[in-house]
Amino acid sequence: MPELPEVEVTRRGIAPLLEKRTIAAVHTTASSYFFLTPPRILRKRLRGRRVLALTRHGKYLRASLDSGETLVLHLGMTGQLFAAGATSVRLLSARARAALEPEEQPAFRPDLHTHLRLSFRDGGPEVVFRDVRKFGKVLLLAPGGTDPRVEKLGVDALAATGEELFAAARRRRIPIKTLLLDQSVLAGIGNIYADEGLFLAGVRPTRPSRRVSRARCRAVAAACRRVMLRSIETGGSSISDYVSPSGSDGAYQDERRVYARTGRLCRNGCGARIRRVVLGQRATHYCPKCQT
DNA sequence: CGTTACACCTGAGGGC
DNA sequence: TGCCCTCAGGTGTAAC
């Protein structure tokens with residue numbers, strides 16, 4: 001589920017439930033490549049630690065700890081980070097209480113996909129990390145420590161000006177869509193927002209990067225930023241797999257313009273139908289008339 | 001070095 | 001009902 005907007009919405013929701021709280025216990029599943037830091041190390045090192053702040057860079061979340069260590073999280077394709085199991089909400093700060101959604105209150109039953117679960121000394125809600133496909137990642141960085149995955153990230157896509165994109169695009173032959181997905185160029189753009197951003201900018205995803213002008217690179221970066229900000233505003237709902245009780249898929253239908261609309265009419269009213277191709281093993285959608 | 005193919009996992013949905 | 005296939009919002013790595 002997560003690209004930059006979903007990760008940011010998750011960060012805003014979970015930050016009040018992590019920050020200023022002290023970890024009492026850590027539960028994990030067995031060692032697997034999901035854990036870049038072995039679970040037994042996590043259990044030992046996280047206990048008694050106080051979380052200072054939760055920040056985001058691209059699709060990565062970083063929780064800084066009072067020990068100087070940093071807990072790095074990536075949600076992969078199916079990762080979910082949420083609060084659960086409040087046992088005594090009154091012990092929480094007003095800020096933390098306000099962040100608790102009513103729907104998150106019901107008891108949560110950890111299952112085999114619940115890879116990390118943090119409980120806190122205040123007895124309040126636990127913070128849970130579930131991930132069905134295990135493409136997500138958990139890593140504990142030593143004070144001042146680094147990791148190549150985080151180090152290689154380019155400028156966060158929300159802060160990008162378009163110059164960064166143009167600088168990377170100049171000499172490259174790969175499709176501009178593929179370049180947008182390269183996290184070392186702009187960090188945070190995923191498959192949906194790459195397609196949506198390119199549509200808004202009127203740029204065909206298959207176009208070789210070096211054939212995209214500086215002005216169009218600026219337009220693409222701005223369009224990606226715009227569509228992602230819009231998604232954050234609506235709580236990430238425009239791209240989540242959330243299904244309302246009525247059975248519809250909420251704002252998703254209304255917001256997306258090309259993604260997963262293969263064969264349907266272009267929203268610009270140009271009369272053309274949305275086309276689907278595969279670029280870099282990723283489904284790619286565009287309007288053959290509006291995007292050049 | 002740039003680019004592409006594949007691997008890592010599980011579950012949902014369609015066709016038969 | 002069950003089987004087999006394809007597809008999925010990500011990314012590290014091997015190989016050309």
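Numbered from 1 within each chain, the chains take letters A, B, ... in sequence-line order.
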**Q** Judged by atom type as modelled, is there a donor-acceptor pair below 3.5 Å linking the side chain of Glu8(A) to the main-chain atoms of Ile232(A)?
**A** no
**Q** Does Arg275(A) use its side chain to pair, donor to acceptor, with the backbone of His285(A) at less than 3.5 Å?
**A** no
**Q** Does any pair with a residue in residues 1-53 of chain A pass ring pair (Phe, Tyr, Trp, His ring centres under 6.0 Å), and if so which ones, sequence neighbours excluded?
**A** Phe34(A)-His115(A), Phe34(A)-Phe129(A)
**Q** Do any of residues 159-174 of chain A sit with a heavy atom less than 4.0 Å from DNA chain B, and if so which?
**A** Arg172(A), Arg173(A), Ile174(A)
**Q** How many whole angstroms separate atom NZ of Lys152(A) from atom P of dG10(C)?
**A** 13 Å
**Q** Using the ring pair (Phe, Tyr, Trp, His ring centres under 6.0 Å) criterion, which residues pair with Phe120(A)? Sequence neighbours excluded.
**A** none
**Q** Mind listing the residues from residues 194-203 of chain A sitting with a heavy atom below 4.0 Å of DNA chain C? Number order is fine.
**A** none
**Q** Please confirm whether the shortest side-chain N or O distance from His74(A) to OP1 or OP2 of dG10(C) is below 4.0 Å.
**A** no
**Q** With sequence neighbours excluded, tell me which residues meet side-chain hydrogen bond (donor to acceptor under 3.5 Å, both in side chains) with Arg49(A).
**A** Asp66(A)
**Q** Rounded to the nearest angstrom, tell me the gap between atom NZ in Lys177(A) and atom P in dT3(B).
**A** 16 Å
**Q** Grab the two heavy atoms, one from Val51(A) and one from Ala63(A), that are nearest each other, plus how far apart they are.
**A** CG1-CB, 4.3 Å
**Q** Among Leu54(A), Leu18(A), Leu71(A), which one satisfies side chain to side chain contact (heavy atoms under 4.5 Å, CB included) with Leu61(A)?
**A** Leu54(A)
**Q** Any N/O pairs under 3.5 Å between the protein and nucleotides 14-16 of chain C? List them or say none.
**A**
none

**Q** Between atom CZ in Arg256(A) and atom C1' in dG9(C), what is the gap in whole Å?
**A** 13 Å
**Q** Which residues pass the side-chain hydrogen bond (donor to acceptor under 3.5 Å, both in side chains) test with Thr284(A), not counting sequence neighbours?
**A** Lys177(A)
**Q** Just need the stems in DNA chain C: three or more back-to-back Watson-Crick or G-U pairs, each with both distances under 3.5 angstrom, sorted by first number.
**A** B:2-8 with C:10-16, B:10-16 with C:2-8
**Q** Regarding Tyr193(A) and Ser231(A), is there a side-chain donor-to-acceptor distance under 3.5 Å anywhere?
**A** yes
**Q** Any sub-3.5 Å donor-acceptor pair from Thr37(A)'s side-chain atoms to Leu42(A)'s backbone N or O?
**A** no
**Q** Any protein N or O atoms within reach of nucleotides 7-9 of chain B? Criterion: under 3.5 Å, listing atom names and distances.
**A**
{"residue": "dC9(B)", "atom": "O2", "partner": "Arg133(A)", "partner atom": "NE", "Å": "2.8"}
{"residue": "dC9(B)", "atom": "N3", "partner": "Arg133(A)", "partner atom": "NH2", "Å": "3.3"}

**Q** Quickly work out the Leu181(A) CG to dG9(C) P distance and round it to whole Å.
**A** 10 Å
**Q** Expressed in angstrom and rounded to an integer, what is the separation of Asp131(A) atom CG from dG9(C) atom P?
**A** 15 Å
**Q** Using atom CG of Leu153(A) as one end and atom P of dG12(C) as the other, report the distance to the nearest whole Å.
**A** 9 Å
**Q** Say whether, by atom type as modelled, one donor and one acceptor occur between the side chain of Arg56(A) and the main chain of Gly58(A) under 3.5 angstrom.
**A** yes
**Q** Taking the same atom, P, in dC9(B) and in dA14(C), what whole-Å distance lies between them?
**A** 16 Å
**Q** Is the side chain of Asp195(A) donor-acceptor paired with the backbone N or O of Val258(A) at a distance under 3.5 Å, no angle test?
**A** no
**Q** Specify the residues of residues 55-63 of chain A, ordered by number, for which at least one heavy atom lies under 4.0 angstrom from an atom of DNA chain B.
**A** none
**Q** side-chain hydrogen bond (donor to acceptor under 3.5 Å, both in side chains) with Thr70(A): which residues, sequence neighbours excluded?
**A** none
**Q** Gln80(A) CD to dG10(C) P: how many Å, rounded?
**A** 16 Å
**Q** Tell me, which of residues 274-285 of chain A have any heavy atom that sits under 4.0 Å from an atom in DNA chain C?
**A** Arg276(A), Arg282(A), Ala283(A)
